[in-house]
Amino acid sequence: MILPARGCDVAVTLDSGQAFRWAPYGPRGWRGVLGDSIVTLLPDHARLRVLGSAPDAILGPRVTRYFGLDDDPTWRLASVDVDPAIHAALAATRGLRILRQDPWECLASFICATFNNILRIQGMIGRLCRAYGRAVPWGGDVWWTFPTPEVLARVEPSALRRLGFGYRAPYVVKAAQQVSDGKVNLAAAARLPYAEAREALLAVEGVGEKVVECVLLFGFGQEEAFPVDVWIGRVMRRLYFRNRRVPDRRLRAFARRHFGPSCGLAQQALFHAARTGALPGV
DNA sequence: CGCCAGGTGCTGA
DNA sequence: TCAGCACATGGC
């Protein structure tokens, strides 16, 4: 199946630290798991060739939604292009899209991502899926779905520690319990406006001021969200605060004013540009 | 080996 | 409200 993908750079997007389960495949392809389907993506200019373990009728809408292929972010990108620094970051990350991930996978993944580095996050989540996900054989290989909250709710934290989760182990289990027993309703939160969804998610154990913004942005499509991690903190202080120490809350409030209601787009461009060394001096 | 990583929760002022 | 601290782990 071929999907129109003009303006979407799959490589940049999947390499930008939003999702942790994609692996390069062949010279330009990527392979990963979307829900219960194994997906191979073969980008070709303005098109995206998609192969997978499910029928095209399932795969097409799933990939389209995940990458927002039916969305044209041109005007929202233009709306955050308000100064030379962000302009450079946007230019260096052309084609970067904000993913629309499954809320539970996004939430659990970013709980694992706290005070951690992307390489290890990928390893941890891979082991989590292998241990507690459902096996899906495909293409002569076996892949695993992301474990459901119901399954993880019954896992002993010590078992996750043995998978290298460190002090995050009890947070992942507790979050799974809160979601599976209905204390936190992700499907309902996904339909709430930014501020209310934010409050609902902050009730989850292990979800603080940064993780909540990641879930809002990468899981709920709330572009008003602006996650401040160590990279963004450095970049923002450098670019806009003469390297002075500024609390994360203030950085976020400034970003919302400075970049406007799609500040999340600016955040992801700054994050990826900084991490790939495209912003000199940061 | 020391430093760092897409932080959070708790404590004490 | 806010700074300071403990928390586990592995890649570099």
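Naming convention: chains lettered A, B, ... in sequence-line order (proteins, then strands); numbering from 1 in each chain.
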Query raised in the report: So which of A:T148, A:T145, A:L163 actually passes side chain to side chain contact (heavy atoms under 4.5 Å, CB included) with A:Y132?
Result: A:L163
Query raised in the report: Rounding to the closest angstrom, what is the interatomic distance between B:dT11 and C:dA8 at atom P?
Result: 15 Å
Report task. Map A:N116 and A:G208 onto DNA chain B by nearest heavy atom, then report which one ends up closer to the 5' terminus. Result -> A:N116
Query raised in the report: Between A:N117 and A:I121, does a side chain to side chain contact (heavy atoms under 4.5 Å, CB included) hold up when you go through it step by step?
Result: CA-CA 6 Å; A:N117 62 70; A:I121 299 163; 6.0 Å; no
Query raised in the report: Are any of A:R161's side-chain N or O atoms less than 4.0 Å away from OP1 or OP2 of C:dA8?
Result: yes
Report task. Let me know the distance between CD of A:E213 and P of B:dG7, rounded to the nearest Å. Result -> 14 Å
Report task. May I ask you to verify whether the side chain of A:Y171 and the base of B:dG9 hold a donor-acceptor pair under 3.5 Å? Result -> no
Query raised in the report: Rounded to whole angstroms, how far apart are CZ on A:R249 and P on C:dC2?
Result: 8 Å
Query raised in the report: Can a side chain N or O of A:R245 be found less than 4.0 Å away from OP1 or OP2 on C:dA3?
Result: yes
Report task. Measure from the ring centre of A:Y167 to the centre of the six-membered ring in the base of C:dA8, then say whether that distance is under 5.5 Å and the planes meet at under 30°. Result -> no
Query raised in the report: A:Q122 CD to C:dG10 P: how many Å, rounded?
Result: 16 Å
**Report entry** A:V230 side-chain proximity, nearest of B:dT8, C:dA8, B:dA5
**Finding:** B:dA5
Requested in this report: Assign A:V228 to base, sugar-phosphate, or nothing according to its heavy-atom contacts below 4.0 angstrom with the strands shown.
Outcome: nothing
**Report entry** Gap between atoms CZ and P, on A:R127 and C:dG10 respectively (whole Å)
**Finding:** 7 Å
Report summary line: A:I125 atom CD1 is separated from C:dG10 atom C1', nearest whole Å, by 15 Å
**Report entry** Separation of C:dA6 C1' from A:R168 CZ (nearest whole Å)
**Finding:** 13 Å
Query raised in the report: Which of parallel (below 30°), tilted (30 to 60°) and perpendicular (above 60°) describes A:F254 and A:Y240?
Result: tilted
**Report entry** Out of C:dG10, C:dC7, C:dC12, whichever nucleotide has its closest atom nearest the side chain of A:L119
**Finding:** C:dC12
Query raised in the report: Side-chain contact, heavy-atom cut-off 4.5 Å: A:L216 with A:L201?
Result: yes
Report summary line: Checking B:dG7, B:dT8, B:dA5 against the side chain of A:E209 (C-beta onward), the nearest is B:dT8
Query raised in the report: Atom CG of A:L163 and atom C1' of C:dT9: how far apart are they, to the nearest Å?
Result: 13 Å
Query raised in the report: Is the count of non-hydrogen atoms from other residues, nucleotides or ligands lying under 6.0 Å from A:F241 atom CZ greater than 12?
Result: yes
Query raised in the report: Base, sugar-phosphate alone, or nothing: which one does A:I232 contact when heavy atoms must sit under 4.0 Å apart?
Result: base
Report task. Could you check whether A:R234 gets within reach of a base, just the sugar-phosphate, or nothing at all, counting any heavy atom under 4.0 Å? Result -> sugar-phosphate
Query raised in the report: Considering heavy-atom distances to DNA chain B, does A:V204 or A:C214 have its closest nucleotide positioned more toward the 5' end?
Result: A:C214
Requested in this report: Classify the nucleic acid contact of A:G206 as base, sugar-phosphate or nothing, counting any heavy atom under 4.0 Å across all strands shown.
Outcome: sugar-phosphate
Query raised in the report: Is the A:F146-A:F20 ring centre distance short of 6.0 angstrom?
Result: no
Report task. With heavy atoms under 4.0 Å as the rule, sort A:Q268 into base, sugar-phosphate or nothing. Result -> base
Query raised in the report: Base, sugar-phosphate, or nothing for A:S109, non-hydrogen atoms under 4.0 angstrom?
Result: nothing
Requested in this report: Starting from C1' on B:dG7, measure out to CZ on A:F110 and report it in whole angstrom.
Outcome: 13 Å
